[in-house]
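Position 1 is the first residue of the sequence, and the numbers go up from there. Just so it is clear, the model here is predicted, and its values are computed rather than measured.
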Amino acid sequence: MKSRLPSCLVMLFFCLYLGFDTQAAETITIDGNTIRNCTLVELSSDGAIYQSGDTNEYHTVPWAQLTPVQQSVIRSQHGTALVNVICDARYIDGTVFHANKDGVVVQMVPKKEGEKATGANGFYQGARVITSGLVLISDLPLDMPRSGGDPIKAFGFFKKKGLFDMGIAAQEIEFLTTLKPEWYEISEWKNSTGNVMKARLLGIKGDKALFAKEDNSRFVYSLSQLDAASQKKAAEIQEKIGKFPVP
C-alpha cells in the first residue's frame, strides 16, 4: 500500500514550489480593536503595516502598540526594512533625467492608470516611495546607467535640499546618498575620563545605552559614564531611533 503525504504538507510543498508567501496570518490589535487574519507586509514611519486576508485593506499597528513577539518577527525577518525606516530612506523608481558633477538626477515615472503602487501605504522595504518630481543621487554605483531615459531603481538617504538648474529655471529638489546617515554608523564615544570607544548606538533605556561594535557584538554602557558631548549626541540619536525596535 502506497503511503500518502498529509494534505497540509502537500499544500505547503505546492506553495513553496510556486513561490507563494507561506507566512502565517495573525490577529492584530490597534487601539484596542482586534483584526483577524492579517499578514505583515511592510514597515512605515508610523508602524508595522498589516494586510487583511479578508478585505485586503492595510492596517498600521503603531510602533508603541507592537507586542514583543511582533517586534521579534520584524527584527528577524524584516531587518533591512527596519533599518530603512529608522534612517528615513527613500525608494526611487524612475529614469535618468540628467547627470552632472554632483550626481545623477532621477525623474520619477508616474504609475499608469490601473497599475499597482509599489509597496504599501507609500512605503517599500521601509523606505518612503517617491512618486513624483526629481531627486539627485550623489553616489549612484558606477555599474548603474547614467544615460538619459535609462531606468533607475535605488534606495537613498536624505542629505539636504538643493537647487537644480533646469536651464530656464532652478528647482529645489532632494539630494540623496546611498550611504546611511552618519549618526547611524559607527562613531567615537568618549567617557568622563577621556577614554574613547568606537560603536553604534542602538537604543537607550533609562541610564543604560545599548551599543554595537564593528564586529556586531553588543554591550551595555551607562550614559552617566560618558562625557557631556557624548551624552548630548546620545540624546539626539535617541530622538531619531527611540520609537523603533532595536534592529
Under a 3.5 Å distance rule, please check whether [X] uses its side chain to pair with a backbone N or O of [Y] as donor and acceptor.
{"X": "E115", "Y": "K112", "value": "yes"}
{"X": "T55", "Y": "S52", "value": "no"}
{"X": "S230", "Y": "K190", "value": "yes"}
{"X": "N37", "Y": "T27", "value": "no"}
{"X": "Q70", "Y": "T67", "value": "yes"}

So, [X] versus [Y]: side-chain donor-acceptor pair below 3.5 Å or not?
{"X": "S44", "Y": "D46", "value": "no"}
{"X": "Q65", "Y": "D31", "value": "yes"}
{"X": "D227", "Y": "S192", "value": "no"}
{"X": "K111", "Y": "T131", "value": "no"}

Between [X] and [Y], is any pair of side-chain heavy atoms under 4.5 Å apart?
{"X": "K180", "Y": "V83", "answer": "yes"}
{"X": "V196", "Y": "N191", "answer": "no"}
{"X": "H78", "Y": "L43", "answer": "yes"}
{"X": "Y184", "Y": "P247", "answer": "yes"}
{"X": "V41", "Y": "Y58", "answer": "yes"}
{"X": "I152", "Y": "M144", "answer": "yes"}
{"X": "Q125", "Y": "Y91", "answer": "no"}
{"X": "H59", "Y": "I49", "answer": "no"}

How about [X]: does its [atom1] atom have over 12 heavy atoms from other parts shown lying under 6.0 Å from it?
{"X": "E185", "atom1": "CD", "result": "yes"}
{"X": "R36", "atom1": "CZ", "result": "no"}
{"X": "K198", "atom1": "NZ", "result": "no"}

> How far apart are the C-alpha atoms of S45 and W63, what are their side-chain angles, what is the distance that settles it, and do they pass the side-chain contact (heavy atoms from CB on, under 4.5 Å) test?
Replying inline: CA-CA 9 Å; S45 57; W63 292 108; 5.7 Å; no
Can you tell me how far [atom2] of [Y] sits from [atom1] of [X], rounded to the nearest 0.5 angstrom?
{"X": "I130", "Y": "T118", "atom1": "CD1", "atom2": "OG1", "value": "12.0 Å"}
{"X": "L140", "Y": "T178", "atom1": "CG", "atom2": "OG1", "value": "7.5 Å"}
{"X": "D93", "Y": "K153", "atom1": "CG", "atom2": "NZ", "value": "5.0 Å"}
{"X": "Y50", "Y": "T39", "atom1": "OH", "atom2": "OG1", "value": "9.5 Å"}
{"X": "L136", "Y": "I92", "atom1": "CG", "atom2": "CD1", "value": "10.5 Å"}
{"X": "K159", "Y": "I137", "atom1": "NZ", "atom2": "CD1", "value": "11.0 Å"}

>> For a side-chain contact (heavy atoms from CB on, under 4.5 Å) check, start with the C-alpha distance between I74 and L40, then their side-chain angles and the critical distance, and finish with the verdict.
In response: CA-CA 9 Å; I74 289 171; L40 177 62; 3.9 Å; yes
Check the hydrophobic clustering (I, L, V, M, F, W, Y; side-chain heavy atoms under 4.5 Å; chains of links allowed) and say if [X] and [Y] are grouped together.
{"X": "M108", "Y": "L176", "answer": "yes"}
{"X": "V106", "Y": "F164", "answer": "no"}
{"X": "V135", "Y": "F97", "answer": "no"}
{"X": "L226", "Y": "W183", "answer": "yes"}
{"X": "Y124", "Y": "V85", "answer": "no"}

>> Do the side chains of D88 and R90 get close enough for a salt bridge, i.e. N-O under 4.0 angstrom?
In response: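 Counted as a salt bridge, because a side-chain N and a carboxylate O are separated by less than 4.0 Å.
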>> Can you give me the closest heavy-atom contact between A99 and R146, atom names plus distance?
In response: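 So the minimum-distance heavy-atom pair works out to CB-O, 4.1 Å.
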>> For I204, give me all partners under side-chain contact (heavy atoms from CB on, under 4.5 Å), at least two apart in sequence or on another chain.
In response: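 Expected list: L201, A209, L223, A234, Q238.
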> Quick one: side chain to side chain donor-acceptor pair (under 3.5 Å) partners of S187, sequence neighbours excluded?
Replying inline: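 S187: side chain to side chain donor-acceptor pair (under 3.5 Å) contacts with W189, K233.
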> Going through the checks in order, is the side-chain contact (heavy atoms from CB on, under 4.5 Å) test met by Y221 and K208?
Replying inline: CA-CA 6 Å; Y221 201 84; K208 303 299 183 183; over 6 Å; no
>> Looking at F175, I'd like to know if the NZ or CZ of K161 sits under 6.0 Å from its six-membered ring centre while staying within 45 degrees of the ring's axis.
In response: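 Output no; distance or angle outside limits.
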> Can you list the steps and then say if D139 with L179 is a side-chain contact (heavy atoms from CB on, under 4.5 Å)?
Replying inline: CA-CA 8 Å; D139 52 0; L179 300 176; 3.6 Å; yes
> In the hydrophobic clustering (ILVMFWY, side-chain contacts below 4.5 Å, transitive), which residues join V246, or is it alone?
Replying inline: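 So far as hydrophobic clustering goes, V246 is joined with L202, L210, V220.
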